[in-house]
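We count residues from 1, following the sequence as given. None of these values were measured; they are calculated from a predicted model.
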Amino acid sequence: MDYLVRAARVTDIDRLVALSDADLRSSRRTSPLDAADLLRQLVYLPQASIFVVETSRHVVGGAVLALRPSVRAGGYVGTIDLLVVDPDYDVDQLTGDLLAEVIRSASNKGCTVVEAVPPDDPEANARWAKSGFAPSGPRIERPVAAAGTAARRT
């Protein structure tokens, strides 16, 4: 099956929320914004990127990358705030494709590291490890060569 990873559009948000509803409900605290409203705002913000993966024009996964400057990291840090895929599809491929696009985007935006909260599921953790993520304190992270650096050109 062919999958396409692309930047999310506002029209993709309801499907992304439906895919991630259990994750979002369990991790949300009281907030004046619900997940859909917040994701719709993030579509337009330069310090965040939302990606979806689709097949036959049907969204089957997505990820949110948030950027923050870090003096300690020597550039920007990308945080994968959400990664969700439809379990009825090839979870390994979808996760790998989304992570590859998030890492590419983070590198292009000057990130020196991409971090995430480690998944609870050992199988999911193994998928992240295949993409280069390793434990780093309470998070998992992957070093990234920022676009335009000597390390990136090799």
Side-chain angles (χ1 to χ4, degrees), residues 1-70 73 75-142 144:
M1 190 169 289
D2 290 330
Y3 297 108
L4 170 69
V5 180
R6 61 172 174 77
R9 298 184 283 261
V10 172
T11 56
D12 298 321
I13 298 303
D14 288 334
R15 174 65 179 150
L16 190 56
V17 169
L19 282 171
S20 60
D21 193 40
D23 289 338
L24 294 175
R25 253 188 281 131
S26 67
S27 65
R28 299 235 355 128
R29 293 172 175 70
T30 58
S31 170
L33 295 174
D34 70 4
D37 289 338
L38 183 57
L39 287 168
R40 283 186 193 96
Q41 288 182 17
L42 292 178
V43 167
Y44 298 108
L45 293 178
Q47 64 269 36
S49 298
I50 303 176
F51 301 96
V52 294
V53 60
E54 67 180 15
T55 183
S56 303
R57 302 179 85 179
H58 179 68
V59 173
V60 294
V64 175
L65 173 69
L67 305 176
R68 65 177 172 82
S70 172
Y76 289 95
V77 172
T79 301
I80 300 175
D81 189 52
L82 176 70
L83 189 138
V84 63
V85 296
D86 189 327
D88 294 336
Y89 292 84
D90 186 344
V91 174
D92 290 337
Q93 183 177 351
L94 293 174
T95 301
D97 290 354
L98 280 166
L99 287 173
E101 183 61 21
V102 166
I103 291 164
R104 184 200 62 75
S105 177
S107 175
N108 287 343
K109 292 178 181 195
C111 291
T112 58
V113 68
V114 175
E115 64 182 14
V117 173
D120 294 329
D121 176 33
E123 288 180 21
N125 219 347
R127 286 190 284 273
W128 285 70
K130 284 181 189 175
S131 293
F133 286 84
S136 177
R139 298 190 170 276
I140 55 175
E141 67 179 27
R142 182 188 191 280
V144 177

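- Here CG of L82 is found 7.0 Å from CG of L39. Values are rounded to the nearest 0.5 Å.
- Between E54 atom CD and L94 atom CG the span is 11.5 Å, to the nearest 0.5 Å.
- No side-chain heavy atom of V64 sits under 4.5 Å from any side-chain heavy atom of I80.
- Side-chain contact check for L16 versus V84: some heavy-atom pair is nearer than 4.5 Å.
- Judged by distance alone, with hydrogens and angles left aside, the side-chain atoms of S107 form no donor-acceptor pair with the main-chain N or O of I103 at under 3.5 Å.
- Inter-residue side-chain proximity for R6 and V52 is flagged as met; some heavy-atom pair is nearer than 4.5 Å.
- Distance check, rounded to the nearest 0.5 Å: CD1 of I50 to OH of Y44 gives 10.0 Å.
- Screening residues 110-135 for ring pair (Phe, Tyr, Trp, His ring centres under 6.0 Å), with sequence neighbours left out, gives W128-F133.
- Scanning all heavy atoms of the two residues, the minimum distance from L42 to A48 falls at CD2-CB, 3.9 Å.
- Under a 3.5 Å cut-off, the side chain of S105 and the backbone N or O of E101 do not form any donor-acceptor pair.
- Every residue two or more places apart in sequence or in another chain that forms a side chain to side chain contact (heavy atoms under 4.5 Å, CB included) with D121 is listed here: E123, A124, R127.
- Every residue was checked against the side-chain hydrogen bond (donor to acceptor under 3.5 Å, both in side chains) condition with D81, not counting sequence neighbours, and none meets it.
- Evaluation of the salt bridge (Lys or Arg N to Asp or Glu O under 4.0 Å) rule for D90 yields no partner, not counting sequence neighbours.
- The two residues P118 and I140 have their closest heavy-atom pair at CB-CG2, 3.6 Å.
- Residue I13 comes nearest to A36 through the heavy atom pair CG2-O, 3.6 Å, listed as atom of the first residue, atom of the second, then distance.
- Closest approach of A106 to V114, counting heavy atoms only: CB-CG2, 3.5 Å.
- A distance of 11.0 Å separates CG in L4 from CZ in R57, rounded to the nearest 0.5 Å.
- Every salt bridge (Lys or Arg N to Asp or Glu O under 4.0 Å) that D14 has, sequence neighbours left out, goes to R40.
- Taking the side chain to side chain contact (heavy atoms under 4.5 Å, CB included) definition, one finds that D97 meets it with Y3, V5, Q93, sequence neighbours left out.
- The CG atom of L65 sits 5.0 Å away from the CG atom of L67 when rounded to the nearest 0.5 Å.
- The shortest heavy-atom contact between D12 and A7 is OD2-O, 4.4 Å.
- Residues passing the side chain to side chain contact (heavy atoms under 4.5 Å, CB included) test with S136, sequence neighbours excluded: E141.
- Judged as a salt bridge (Lys or Arg N to Asp or Glu O under 4.0 Å), and not counting sequence neighbours, the contacts of R15 are D86.
- Closest non-hydrogen pair, S131 versus L99, comes out as OG-CD1, 3.6 Å.
- Sorted by first and then second residue, the ring pair (Phe, Tyr, Trp, His ring centres under 6.0 Å) pairs with a member in residues 76-102 form an empty list; sequence neighbours excluded.
- The number of heavy atoms from other shown groups lying within 6.0 Å of CG (D120) does not exceed 12.
- For the side-chain hydrogen bond (donor to acceptor under 3.5 Å, both in side chains) test, residues two or more places apart in sequence or in another chain that qualify with S49 are K109.
- With a 4.5 Å cut-off on side-chain heavy atoms, L98 and L83 count as touching.
- The side-chain hydrogen bond (donor to acceptor under 3.5 Å, both in side chains) search around T79 returns E115, not counting sequence neighbours.
- The CZ atom of R68 lies 13.5 Å from the CD atom of Q47; values are rounded to the nearest 0.5 Å.
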